[in-house]
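One structure is given below, encoded as structure tokens.
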There are 2 protein chains.
Amino acid sequence: MKYFDNHRNTRQRSVILEELQNLASHPTAAGLYEIVRHRQPNISLGTVYRNLELLTRLGLIQKLEVGGRQARFDGNADSHFHVQCVRCGRVDDIHAPPLDLLGGEGNDFSGYRILGYTLQFHGICPRCGKTSTNSKQEIDRC
Amino acid sequence: MKYFDNHRNTRQRSVILEELQNLASHPTAAGLYEIVRHRQPNISLGTVYRNLELLTRLGLIQKLEVGGRQARFDGNADSHFHVQCVRCGRVDDIHAPPLDLLGGEGNDFSGYRILGYTLQFHGICPRCGKTSTNSKQEIDRC
DNA sequence: AAAAATAACAGTAATAATTATCGGTAGTAT
DNA sequence: ATACTACCGATAATTATTACTGTTATTTTT
């Protein structure tokens, strides 16, 4: 059970990971909690949050910061793209190279009628690039 | 003042829009509240939220659903791309065509050291596509 | 294998961001 | 000018997430 690094392999932890990996869609913490409860009726929502956070840190799953207030989780940690339904919030995978996707707006992928996309980069801003790597996180000045 | 459609052109509303449009960065609601208070000391945080929501609906600004728990707002409603600092959360614009950007990973844009990107599509999922357009928003079933 | 150490749990309280409520005020239309 | 009502400030409520606390279970030490 090298999976969890030097963290314990608890029943709750492995059930959370298994159930998430068996889903094609990408549930919220609360959504996965409902699913996991079928196998672990006494599990706590806090346990689901705690483990999703840990599994993300370990690189076994990914946390998706998509539209809406709730985060979503993907049992597949490999880099790929997502579609979110603007009406119900559901998130699915799109398996295609980015260049095909950007050229193919208006087409259908994964059964979705595609309306558009957002492309966000992440990196280190000029101000943070000047301070040492492990300095305390700065306040975003405007 | 056709700007606000058939909504009223209040002092608070126009100050919020003006101050947001004068910023190169993309503040949170709370961040913009602090800025707007210099001109409107008695303005309420709720008013800022309410108007940012309205201005987004009117298409005068955009709401950015980026990483972190707080939404951010962009005074420029035209389609373009964003970088977010992974350390401080600040968000800035990137002005370049998407194909250049995807090819140019590792380069610097807007002074940021770029670490990666996320590409998210939005559209209508198969299930929602079957129901009428103005039906109540469905619950995301998993 | 038993005892000690501690990671993780369930349950619950606290926090943070956002949204809703409510009485009063100020734009807008008649 | 008056009436109508959207909008305001202040505050309460809600929602998602995180932290706390006492207990349980896994691992390590003896």
Side-chain angles (χ1 to χ4, degrees), chain A residues 1-19 26-34 36-58 60-73 84 89 91 137 139-140, chain B residues 1-17 19 26-34 36-58 60-73 89 91 137 139-140:
Chain A
M1 303 299 162
K2 53 174 186 345
Y3 267 163
F4 299 133
D5 200 7
N6 45 10
H7 294 272
R8 293 180 181 170
N9 178 14
T10 62
R11 175 90 188 133
Q12 290 87 340
R13 184 161 296 159
S14 59
V15 169
I16 288 167
L17 180 57
E18 278 174 38
E19 292 295 331
H26 306 318
T28 61
L32 186 59
Y33 170 64
E34 288 306 327
V36 164
R37 256 146 64 90
H38 294 136
R39 285 175 61 188
Q40 292 288 295
N42 286 8
I43 202 171
S44 167
L45 179 58
T47 299
V48 174
Y49 271 105
R50 215 184 306 120
N51 279 290
L52 288 172
E53 211 54 54
L54 175 66
L55 294 171
T56 301
R57 277 209 314 281
L58 295 178
L60 296 172
I61 66 173
Q62 6 178 185
K63 184 175 184 176
L64 309 178
E65 315 255 22
V66 292
R69 354 187 182 359
Q70 300 173 81
R72 285 172 177 270
F73 295 87
Q84 183 170 38
V91 176
Q137 170 164 327
I139 299 304
D140 163 33
Chain B
M1 305 297 162
K2 58 190 176 341
Y3 267 163
F4 299 132
D5 198 10
N6 44 11
H7 294 271
R8 291 179 182 171
N9 178 16
T10 62
R11 175 89 187 134
Q12 290 88 337
R13 182 160 297 160
S14 60
V15 169
I16 288 167
L17 180 58
E19 292 297 330
H26 306 316
T28 62
L32 186 59
Y33 169 64
E34 288 307 326
V36 164
R37 258 146 64 90
H38 295 138
R39 285 174 61 187
Q40 293 289 126
N42 286 7
I43 200 169
S44 168
L45 179 57
T47 299
V48 173
Y49 271 106
R50 216 183 300 121
N51 278 291
L52 287 172
E53 210 54 53
L54 174 67
L55 294 170
T56 301
R57 277 209 314 281
L58 294 177
L60 296 172
I61 65 174
Q62 349 178 201
K63 184 176 185 174
L64 309 178
E65 314 256 22
V66 292
R69 353 190 184 356
Q70 301 172 82
R72 287 172 174 272
F73 295 87
V91 176
Q137 172 165 325
I139 300 302
D140 164 32

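Below, read A as the first sequence line, B as the second, and so on, with proteins coming before strands; counting in each chain starts at 1. Everything numeric here is computed off the predicted structure, so don't read it as measured data.
A/Ala71 comes within 4.0 angstrom of the backbone, heavy atoms only, and of no base.
In this structure the side chain of B/Gln62 never reaches within 4.5 angstrom of the side chain of B/His26, judged on heavy atoms. Considering only heavy atoms from C-beta on, A/Glu18 comes within 4.5 Å of A/Arg39 through its side chain. Side-chain atoms of B/Leu17 and B/Phe4, non-hydrogen and from C-beta on, do get closer than 4.5 Å to each other.
Considering all non-hydrogen atoms of both residues, B/Gly31 and B/Pro27 come closest at C-CB, 4.4 Å. B/Ile61 and B/Leu52 make their closest contact through CD1-O, 3.5 Å (heavy atoms, listed as atom of the first residue, atom of the second, distance). Heavy-atom minimum distance, A/Gln70 versus A/Ala30: OE1-CB, 4.4 Å.
The outermost nucleotides of DNA chain D lying under 4.0 Å from heavy atoms of chain B, listed 5' to 3', are D/dT5 to D/dA10.
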With the criterion being N/O to N/O and under 3.5 Å, what pairs connect the protein with nucleotides 1-10 of chain C, and how long is each?
unit_1, atom_1, unit_2, atom_2, d
C/dT6, O2, A/Arg8, NH2, 3.2
C/dA7, O4', A/Arg8, NE, 3.4
C/dA7, O4', A/Arg8, NH1, 3.3
C/dA7, O4', A/Arg8, NH2, 3.1
C/dA7, N3, A/Arg8, NH1, 2.9
C/dA8, OP1, A/His7, ND1, 3.4
C/dA8, OP1, A/Arg8, N, 3.1
C/dA8, OP1, A/Arg13, NH1, 2.7
C/dC9, OP1, A/Thr10, OG1, 2.9
C/dC9, OP1, A/Asn51, ND2, 3.4
C/dC9, OP2, A/Arg50, NH1, 2.9
C/dC9, OP2, A/Asn51, ND2, 3.2
C/dC9, O3', A/Gln12, NE2, 2.9
C/dA10, OP1, A/Gln12, NE2, 3.4
C/dA10, OP1, A/Asn42, O, 3.4
C/dA10, OP2, A/Ser44, N, 3.2
C/dA10, OP2, A/Thr47, OG1, 2.2

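Following rounding to the nearest Å, B/Leu52 (CG) and C/dA20 (P) show an atom-to-atom distance of 15 Å. B/Tyr49 places its OH atom 13 Å from the P atom of C/dA16, with the value rounded to the nearest Å.
Evaluation of the salt bridge (Lys or Arg N to Asp or Glu O under 4.0 Å) rule for A/Glu65 yields no partner, not counting sequence neighbours. With sequence neighbours excluded, the residues forming a salt bridge (Lys or Arg N to Asp or Glu O under 4.0 Å) with B/Arg37 are B/Glu34, listed by chain and number.
A rotation axis mapping the C1' atoms of four pairs onto the next four is fitted at both ends of the helix from C/dA1-D/dT30 to C/dT30-D/dA1 over five pairs, and the angle between these axes is 30° to 10 degrees.
With hydrogens and angles disregarded, a donor-acceptor distance shorter than 3.5 Å links the side chain of A/Gln84 to the backbone of A/Gly67.
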Between side-chain atoms of residues 43-51 of chain B and protein atoms elsewhere (two or more places apart, or another chain), which donor-acceptor pairs fall under 3.5 Å?
unit_1, atom_1, unit_2, atom_2, d
B/Ser44, OG, B/Gly46, N, 3.3
B/Asn51, OD1, B/Arg13, NE, 2.5
B/Asn51, OD1, B/Arg13, NH2, 3.0
B/Asn51, ND2, B/Thr47, O, 2.9

